[in-house]
Amino acid sequence: MGSIPEMEHSRSQKAFDRARRVLVGGVNSPVRAFGAVGGTPIIVDRAQGAQVWDVDGNAYTDFICSWGALILGHAHQEITAALAEQDALGTSYGMTTELEIELAEMLQKSLPSMERVRFVSSGTEATMSAVRLARAATGRNFIVKFEGGYHGHGDSFLAKAGSGLATLGIAASPGVPEALAELTLDAPYNDLEAVERLFESHGHDIAAVIVEPVAANMGLVPPLDGFLSEVRELTRHHGALLIFDEVITGFRLCFGGAQNLFGIEPDLTTLGKIIGGGLPVAAYGGRRELMEQIAPLGPVYQAGTLSGNPLAMRAGIETLKRLASVGFYDSLERKAKILADGMRQALSDSGVAGHVARAGSLLTLFFTVGPVENYAAAKRSDTRRFASFFQEMLRRKILIPPSQFEALFVSAAHGDDDIRRTVVACRESLAAIRP
Ligand SMILES: *Cc1c(COP(=O)(O)O)cnc(C)c1O
């Protein structure tokens, strides 16, 4: 184990120094700065399949996969070919194309609750727009979100949020007017009674409950049995809308959304990541009479210069076509299970306290004593131990998300050998960090 050759990182170091003189913190999204794990962030040169190369020429097996967007892996040959073809036809028209219709039809078919769809360019835009619509449609102002849930960086979502805010320990962001922040109510994930209490106290004022059906931004935390269906009942009973934020779970757990798996029909759904195949695409949609309140049919305004961008639509269409093939999700499930089981075995052999949570091809190794059902439990993780683990994995050329509060993403490009090597690296890394 001590025999791992030291990697060259001088070019990444130099590039990051340069980045810090021009980009805020050297990055365009906080978690990329490696703040939670220390060390110099690797600067990426290129990627192919399940591998990324940094600018020093080191190759890593990648479990970030653009935060799950690349379920087929990097630079998939047929998708890059399709993109080259579209590229030559123009990259943006600011007018409607048949590509948008085609991708929307695919969504409508696979997620029947999305009777009407609107494309936007980021998950943040999708959730912000969905909440605006929910407020307009109900004439109410409050929204309920769950602690540790992440719904992008819209003002209303920055209280007790997951992902980068969890990583940085930011409880709420300055710059969000108190008057707006007060309209966001929080409940612990998987805590139905807390949601009931919010409805008892604010029932007539709650426009919507927004939830990641399988929480994946506080680390991976699956819903307890019945939790989502009870939230569905409660919202219906109180005249509030239910928004499923499926930006990660959409087309991740099965073809369609978590809503297909759980048999629950939300009023509104947000999608992103996978539906853009690595290009900037997101969407929101829902029941027709709701969605038709959006301009141009209704008064709720929402627009976008690059919305429905043809290059991005093409990436989405080509990606979804491949996800629809027989056995696609079974194969992902099989590999992710081998990885999770291998990690669990490695944990128990090492004597290091930890817990591996998994849903389909999403998984997190929490450095906690017990299982994790909510954000409070996730936050009890030993994040310093996670940081050491991350660095040990990186030395073994396995790139996992640089935060305890993110999930690993297994893609179709990960081969059995990648999974085997990752389990071995995990075993060695746990041995290296054993107290
Ligand atoms: C990534 C994510 C978002 C935000 O999407 P961006 O494209 O980063 O703005 C919203 N909700 C969930 C559940 C996400 O995972």
Side-chain angles (χ1 to χ4, degrees), residues 27-32 63-71 111 118-132 134 143-168 170 173 184 186 189 208-223 228 242-253 257-259 266 268-285 302 304 306-309 312 315-316 319 359-364 375 378 401-403 405-409:
V27 295
N28 283 305
S29 201
V31 74
R32 299 178 196 172
F63 288 96
I64 299 176
C65 293
S66 193
W67 301 99
L70 294 170
I71 194 168
L111 291 134
R118 170 63 61 86
F119 287 114
V120 290
S121 301
S122 72
T124 294
E125 260 187 283
T127 54
M128 278 169 47
S129 309
V131 162
R132 182 182 303 144
I143 61 164
V144 173
K145 71 175 279 297
F146 293 93
E147 292 166 12
Y150 182 68
H151 307 291
H153 63 86
D155 283 348
S156 294
F157 305 119
L158 294 182
K160 293 187 187 170
S163 192
L165 290 95
T167 306
L168 298 173
I170 298 175
S173 176
T184 302
D186 267 286
Y189 189 69
V209 173
I210 185 166
V211 62
E212 293 177 68
V214 174
N217 282 292
M218 49 177 131
L220 194 273
V221 181
L228 295 170
L242 177 61
I243 304 172
F244 266 12
D245 182 354
E246 300 231 37
V247 170
I248 281 189
T249 53
F251 296 93
R252 171 53 64 177
L253 304 174
Q259 57 196 270
L268 293 170
T269 298
T270 54
L271 295 168
K273 298 193 170 103
I274 287 175
I275 66 158
L279 274 82
V281 182
Y284 65 108
Q302 188 273 307
L306 293 176
S307 292
N309 173 269
T319 298
S361 52
L362 300 168
L363 60 113
T364 296
Y375 188 40
S403 165
F405 306 108
E406 305 282 1
L408 274 71
F409 298 93

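Ligands are counted one by one from 1 in listed order, and the atoms in each one are counted from 1 as well. Numbers for residues simply follow the sequence, beginning at 1.
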Extract all donor-acceptor atom pairs below 3.5 Å that involve side chains of residues 276-285 and protein atoms in other chains or at least two apart in sequence.
residue	atom	partner	partner atom	Å
Tyr284	OH	Gln302	OE1	2.9

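A heavy-atom cutoff of 4.0 Å around ligand 1 is satisfied by the protein residues Ser122, Gly123, Thr124, Tyr150, His151, Gly152, Glu212, Asn217, Asp245, Val247, Ile248, Lys273.
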Working note: Leu70 + Phe409, criterion side-chain contact (heavy atoms from CB on, under 4.5 Å); need CA distance, chi angles, decisive distance, verdict. CA-CA 9 Å; Leu70 294 170; Phe409 298 93; over 6 Å; no

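Sorted by first and then second residue, the side chain to side chain donor-acceptor pair (under 3.5 Å) pairs with a member in residues 208-221 read Glu212-Asn217; sequence neighbours excluded.
Contact check for Tyr189 versus Val221: side-chain heavy atoms found under the 4.5 Å cut-off.
Under the side chain to side chain donor-acceptor pair (under 3.5 Å) criterion, Ser403 pairs with Thr167, not counting sequence neighbours.
The shortest non-hydrogen separation linking Met218 to Ala378 is O-CB, 3.5 Å.
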